[in-house]
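Residue numbers start from 1 in every chain, and the chains themselves are labelled A, B, ... in the order their sequence lines are given, proteins ahead of strands. Treat the numbers as computed from the prediction; the structure is a model and nothing was measured.
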2 protein chains.
Amino acid sequence: MNEKIKIGLVEDQALFRTGIKAILSSWPGFEVVFESADGYSVIEKLKQGAPMPDVMLVDLSLPPNGDIEYTGEQLTVELTRLYPDLRIIILSVHDDENFIARLIESGAHGYLVKDCDPQEVHDAIVAAHTKGSYINERTLRAIQKNMGKKQKPIKTEIEITKREIEILQLTCQQYTADEIADKLFISVKTVNGHRNNLLQKTGSKNVTGLVIYAIKNQIVNLA
Amino acid sequence: MNEKIKIGLVEDQALFRTGIKAILSSWPGFEVVFESADGYSVIEKLKQGAPMPDVMLVDLSLPPNGDIEYTGEQLTVELTRLYPDLRIIILSVHDDENFIARLIESGAHGYLVKDCDPQEVHDAIVAAHTKGSYINERTLRAIQKNMGKKQKPIKTEIEITKREIEILQLTCQQYTADEIADKLFISVKTVNGHRNNLLQKTGSKNVTGLVIYAIKNQIVNLA
DNA sequence: CCAAAAACAGGTATTTATACCTATTCACTA
DNA sequence: TAGTGAATAGGTATAAATACCTGTTTTTGG
């Protein structure tokens, strides 16, 4: 009577993916029916009739497929929109509260750090499948703190806009404000405006801080 | 007649460690006899009579144990010194040639990037155990380039000095050249001199490039 | 539709960073 | 011991970034 829980894996590192798969397969009641190495191809494969999992484990640090950048966050948003029944559990190396809260807000049904116990993965998958979500203490705290922030009119949260992310990414590619202005067909003044906002929002002193922030928050890829 | 190859795992992420272990255990002829989550405890455990593996898989991004920082590189140096018969295979997310060459020079018998095929891990362990080392094409290229550099009197190689690393680390902490000069009790001119050398050596255009370089080459910690 | 936020653009001024030089001292080593 | 590289320090420029302002247009959400 107990059907197996169908699991999907989205993880770029083949070794880690195989490892997780081996762990999952060693448990009864679990079945890996879907695998992908990048975010973009996930949607493609599912549209083309790939088996639909019950629970999708998504690695956050996804590499771009060709020119198309597709982060774990974008994938989460897209998946929840297209397949509301699909449960999504995020796997990430990041333990930042704002980061966790952001992903949950994007629609994820659970958030696990990559150095967690394998048993927790088991529990998370079962909980996500049967109860709809798996919120551990860490995640709960992150959500609560962030909820609190949203309720207050005080602007303590950092929310970075799309354009700011663009400028940040180009900045990390060693482009000067002038070059970025040329690339985006906007004025240098505007670029500097965005940069100043970024310095404020991230609490950085200079570009150095911006680069560190961008890497920590996976706004840029180190690859 | 075929004894199992005894394998040691040094990897901080429990999930990844379990995954690797599951993969290794699924192959006949392999046996995981040693596990550790950080570099410092490896030496401790071995000294206290933990089973000595034939091949040790070492993750490069090891976390500090308490106050003691122990990188994969340091561990490699120490292990080869204490146990010359032990074969060491590095597991890393970094694909930088200088980085690879540095580790091989430190005594590693093989270097694998974390997104490699599981089969390659298999081959690497076997090769390291039977032939003493596993040098794939990527590693070979890295070594050759670096050897070539060392032989030529031409200054194409990047070798960063201690002082430059200091300046680089402080730069990554958002200190300006002035502040660094104060901290190190040297002239701003000197700091700028070091920075200019760093820009040249790393092929960077500005501090942004330096920060990225520092993170990629683990000269600074993101934690 | 209205209000807020985001993106845009400008000015002025100062601080930092970078480019390109030279030159000295010190430690190591071939 | 002669030579090398590292670390030190200086000068002179220019380029770039940062700090503060002001404002308009466009987009977005309630």
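For Thr161(B) and dA7(D), the shortest distance from a side-chain N or O to OP1 or OP2 is below 4.0 Å.
Counting only N and O atoms by type, the side chains of Ser41(A) and Ser36(A) include a donor and acceptor under 3.5 Å apart.
Across all strands, Asn197(A) comes closer than 4.0 Å to no nucleic acid atom at all (heavy-atom distances). Within 4.0 Å of Val207(B), counting heavy atoms only, lie sugar-phosphate atoms of the nucleic acid but no base atom. The residue Ser187(B) sits close only to the backbone: its heavy atoms come under 4.0 Å of sugar-phosphate atoms, none of a base. At a threshold of 4.0 angstrom between heavy atoms, the contacts of His194(B) include nucleobase atoms, whether or not backbone atoms are also involved. Heavy atoms of Asn192(B) sit under 4.0 angstrom from at least one base atom.
Taking atom OH of residue Tyr175(B) and atom P of nucleotide dT16(C), one finds them 15 Å apart after rounding to whole Å. Rounding to whole angstrom units, CD1 of residue Ile167(A) and P of dA6(C) are separated by 14 Å. Atom-to-atom, CD1 of Ile160(B) to P of dA6(D) comes out at 11 Å; the value is rounded to the nearest Å. When the C1' atom of dC8(C) is taken as reference, atom CG of Leu198(A) falls 15 Å away, rounded to whole Å. Atom NZ of Lys205(A) is separated from atom C1' of dA17(C) by 13 Å (rounded to the nearest Å). Asn196(A) has its CG atom 9 Å from the C1' atom of dA17(D), to the nearest Å. At whole-Å resolution of the value, CD1 in Ile186(A) and P in dG10(C) are 11 Å apart. As rounded to whole Å, 16 Å separates atom P of dC21(D) from atom NZ of Lys189(A).
Looking at His109(A), its side chain never comes within 3.5 Å of a backbone N or O of Gly132(A) through a donor-acceptor pair. Gln13(A) places no side-chain N or O within donor-acceptor distance of the main-chain N or O of Leu15(A), the cut-off being under 3.5 Å.
A cation-pi arrangement is absent between Lys6(A) and Phe34(A), since the terminal nitrogen or guanidinium carbon is not both under 6.0 Å from the aromatic centre and inside a 45° cone about the axis.
When each of dA7(C), dA7(D), dA17(D) is scored by its nearest atom to the side-chain atoms of Arg195(A), the top-ranked nucleotide is dA17(D). Closest approach to the Asn206(A) side chain among dA9(C), dT18(D), dC8(C) is made by dT18(D) (side chain taken as heavy atoms from C-beta onward). Relative to the side chain of Thr176(A), the nucleotides dA17(D), dG11(D), dA17(C) differ in distance, and dA17(D) lies closest.
In this structure, Phe16(A) and Phe16(B) have parallel ring planes: the angle between them is below the 30° cut-off, well short of the 60° mark.
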